[in-house]
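The block underneath contains the structure these notes are about, expressed in structure tokens.
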Amino acid sequence: MKTYISLWPAAASLPEFPRSVAILGATGSIGASALKVMDRHRDLFTVTALAGGRNGTRLAELCATFRPPFAAVLTDAARRDFLANLPAGYSPTLLVGPEAYTELAAMDGVDIVLSSIVGAAGFEPTLAAARAGKMIGLANKESLVLGGHIIRSACHESGAVVLPVDSEHNALFQGLQGHGRDEEISRLILTASGGPFRGRSAQSLAGVTRAQALAHPNWSMGAKISIDSATLMNKGLEVIEACHLYGLPVSMVHVVVHPQSIIHSLVEYVDGSQLAHLGTPDMQVPIAHCLCFPRRVEVDVPRLDLASTGSLTFEEPDLEAFPCLRLAREAFDAGPSHPVVLNAANEVAVDAFLDGRIGFTDIAATIGAALDRHAATDVSTPETVLELDREVREKIRHSI
Ligand code: NAD
Ligand code: MG
């Protein structure tokens, strides 16, 4: 199997159980699901570090339960809240600031780094974990969108292994493993729920509210990814993520809308066989698959009952109403700096939408305009990636 990023590890190269885990983004939605899995299987894991962002109080609660020796927060305010809420007799080493995340990601004694920060902020810690040869459970798709090429070479140099937490990519991972050679894959098919506005026309989307956009029909997730799901940018980012993970051109990564979110994605082989991964939509399943790989463990999610599910339906994505998916495909094809621009523009626009400063359809318009203005630049190093990311954010913040 050709691997763009280090996947398909030999079992011998993976850490033994119990595995020591650092969760970057422990206070978020993925962090919560991961801790449920780890709580159920305490014999398999040691929680070594929990990092939250600005929510020191929540992080202190999690640390009180799991007692990691290390913790990290982003800001001084979060540090104060964290310290004020710790139980007596427990004082983990606390790291503060963005560097804390790269430090934890590369720390000796950590076997698995669960990269579940949201947004481009996940790039440097993910890269640090890749350089340090860690087993990485990757939820932060933005880090591959920014610099999949850089993370790949870091993995190849260090022997780090990336296991995809994103449910679609985890489904593909399962469908690809142990099946055929590279030239026998004919395409990957990512499923998309279609989000809360599936079936709506482009014109009708202009006035939708923040609350409507956040109300995802099938998945309970953080705010940014929920908006990305409503614009279909999430699926666009996932197409790029799949191209990086599986070393395929964008023309081989298709998207089909499947409103029930029961089939998580499919691999099609040259003989016409399509292998699908099905299950109840709950992130504990792909998270457990990654953290325990290659073992499978019990997970507390309702079993899928196809008879009561009744029917599974499929439709083409509407690229006119949801242009973000098209923009992402075009950005990946245009070269490595365009996805950086796409991602930065999206993050700034989504923030502005969540703050009520722009409308829903302005998100795609902002990204489209940023891509139109962009002439390809060199993004072969982390510094050039981050510099372009900063430049684009600054320009767009001024313009909205
Ligand atoms: P979330 O908003 O619920 O949590 C984000 C976490 O990141 C929090 O712990 C927050 O404190 C931390 N954080 C935010 N900004 C930070 C910064 N600048 N520095 C350090 N920490 C920071 O988000 P989520 O839904 O858990 O998503 C996390 C990532 O996983 C995203 O990249 C998302 O695309 C991906 N993902 C999420 C889901 C899901 O079901 N939630 C599914 C697939 C992939
Ligand atoms: Mg996904």
Side-chain angles (χ1 to χ4, degrees), residues 22-36 49-59 61-63 71-75 77-78 81-82 95-105 114-126 128 136-146 163-173 190-193 195 214 216 218-229 232-242 245 255 258 261 263-265 277 281-287 290 343 346-347 350-351 354 386 389 393:
I23 303 185
L24 310 182
T27 52
S29 157
I30 292 286
S33 297
L35 287 169
K36 270 193 214 162
L50 294 180
R54 295 182 167 78
N55 192 344
T57 307
R58 176 75 189 129
L59 187 69
E61 283 165 21
L62 296 174
C63 286
V73 288
L74 197 54
T75 60
D81 293 341
F82 179 78
L95 310 176
V96 183
E99 323 72 48
Y101 298 80
T102 46
E103 201 172 314
L104 288 182
L114 182 65
S115 172
S116 56
I117 287 176
V118 61
F123 174 62
E124 286 183 286
T126 306
I136 303 170
L138 187 68
N140 178 265
K141 62 194 86 183
E142 294 91 342
S143 54
L144 290 188
V145 174
L146 250 69
L163 295 167
V165 166
D166 210 350
S167 55
E168 296 76 2
H169 305 74
N170 187 269
L172 295 171
F173 179 49
L190 297 175
T191 51
S193 68
L214 283 171
H216 195 279
N218 305 337
W219 297 94
S220 153
M221 312 180 284
K224 190 259 179 184
I225 184 175
S226 297
I227 302 302
D228 286 349
S229 299
L232 286 204
M233 179 53 92
N234 184 48
K235 214 46 56 178
L237 299 177
E238 289 184 356
V239 168
I240 298 176
E241 182 184 11
L245 284 169
V255 172
H258 165 46
S261 299
I263 295 186
H264 300 305
S265 279
H277 175 277
D282 188 310
M283 289 306 294
Q284 287 184 77
V285 177
I287 290 169
C290 290
N343 183 71
N346 182 53
E347 288 190 22
V350 169
D351 267 354
L354 286 169
L386 293 168
D389 175 70
R393 283 167 195 268

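For the single chain, residues carry numbers from 1 onward in sequence order. These numbers come from a predicted model, not from an experiment. Read the numbers this way: they start at 1 and go in the same order the structure lists the ligands and their atoms.
Only the side chain of M283 comes within 4.0 Å of ligand 1, counting heavy atoms alone; its backbone N, CA, C and O stay farther away.
Within the listing of ligand 1, atoms 17 (C), 18 (N) sit less than 4.0 angstrom from a heavy atom of A121. Under a 4.0 Å criterion applied to the non-hydrogen atoms of N140, ligand 1 contributes the atoms 32 (O). Taking every non-hydrogen atom of E142 and a distance limit under 4.0 Å, the qualifying atoms of ligand 1 come out as 31 (C), 32 (O), 34 (O). Per-residue contacts place T27 under 4.0 angstrom from the following atoms of ligand 1 (heavy atoms of the residue considered): 8 (C), 9 (O), 10 (C), 11 (O). Atoms of ligand 1 found under 4.0 Å from any heavy atom of I117, numbered from 1 in the order shown, are 7 (O), 16 (C), 20 (C), 21 (N), 22 (C), 28 (C), 29 (C), 31 (C), 32 (O). Those atoms of ligand 1 that come under 4.0 Å of a heavy atom in G28, given as number and element, are 1 (P), 3 (O), 4 (O), 8 (C), 9 (O), 26 (O). Atom numbering of ligand 1 starts at 1 in the shown order; those under 4.0 Å from a heavy atom of G52 are 11 (O). Counting atoms of ligand 1 from 1 in the listed order, those under 4.0 Å from a heavy atom of L74 are 17 (C), 18 (N), 19 (N).
Given atom 26 (O) of ligand 1, the protein heavy atom at minimum distance is I30 N, 2.9 Å. Looking from atom 11 (O) of ligand 1 to the surrounding protein, the closest heavy atom is G53 N, 2.7 Å. Of the protein's non-hydrogen atoms, the one nearest atom 20 (C) of ligand 1 is Y101 CZ, 3.4 Å. The shortest contact between atom 28 (C) of ligand 1 and any protein heavy atom is with S116 O, 3.3 Å. The protein heavy-atom contact nearest to atom 43 (C) of ligand 1 is D166 OD1, 3.0 Å. Shortest contact from atom 34 (O) of ligand 1 to any protein heavy atom: K141 CE, 3.2 Å. Among all protein heavy atoms, the one lying closest to atom 35 (C) of ligand 1 is A139 O, 3.1 Å. Ranking protein heavy atoms by distance to atom 14 (C) of ligand 1, first place goes to V118 CG1, 3.7 Å.
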Donor-acceptor contacts, no H, no angles, side chain residues 114-125, under 3.5 Å, sequence neighbours left out:
from	atom 1	to	atom 2	distance (Å)
S115	OG	T126	OG1	2.8
S116	OG	L24	O	2.8

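Checked against salt bridge (charged side-chain N to carboxylate O under 4.0 Å, His left out), K36 has no partners two or more places apart in sequence or in another chain. Applying the side-chain hydrogen bond (donor to acceptor under 3.5 Å, both in side chains) criterion to D389, with sequence neighbours excluded, gives R393.
By the 4.5 Å heavy-atom criterion applied to side chains, N170 and I287 are not counted as neighbours. Contact annotation: the side chain of C63 approaches that of F82 to within less than 4.5 Å [non-hydrogen atoms, C-beta and beyond]. Using a 4.5 Å heavy-atom threshold, the side chains of E168 and H277 count as separate. Using a 4.5 Å heavy-atom cutoff, the side chains of L74 and V96 are not in contact. At least one side-chain heavy atom of S143 sits under 4.5 Å from a side-chain heavy atom of L138. No side-chain heavy atom of M283 sits under 4.5 Å from any side-chain heavy atom of S220. Here the side chains of D166 and E241 are in contact, with some heavy-atom distance below 4.5 Å.
Closer than 2.8 Å to the Mg ion (ligand 2) sit the protein N, O or S atoms D166 OD1, E168 OE1, E238 OE2.
Below 3.5 Å of separation, one finds no N or O of S167 facing any N or O of ligand 1. Of the N or O atoms in S29, one or more lie within a sub-3.5 Å distance of an N or O in ligand 1.
Distance OG1/T75 to CG/D81: 8.0 Å, rounded to 0.5 Å.
Not a single heavy atom of N55 sits under 4.0 Å from any atom of ligand 1. Assignment of G31 to the shell around ligand 1 is not supported, since no heavy atom sits closer than 4.0 Å.
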Could you walk me through whether I240 and K141 pass the side chain to side chain contact (heavy atoms under 4.5 Å, CB included) check?
CA-CA 9 Å; I240 298 176; K141 62 194 86 183; over 6 Å; no
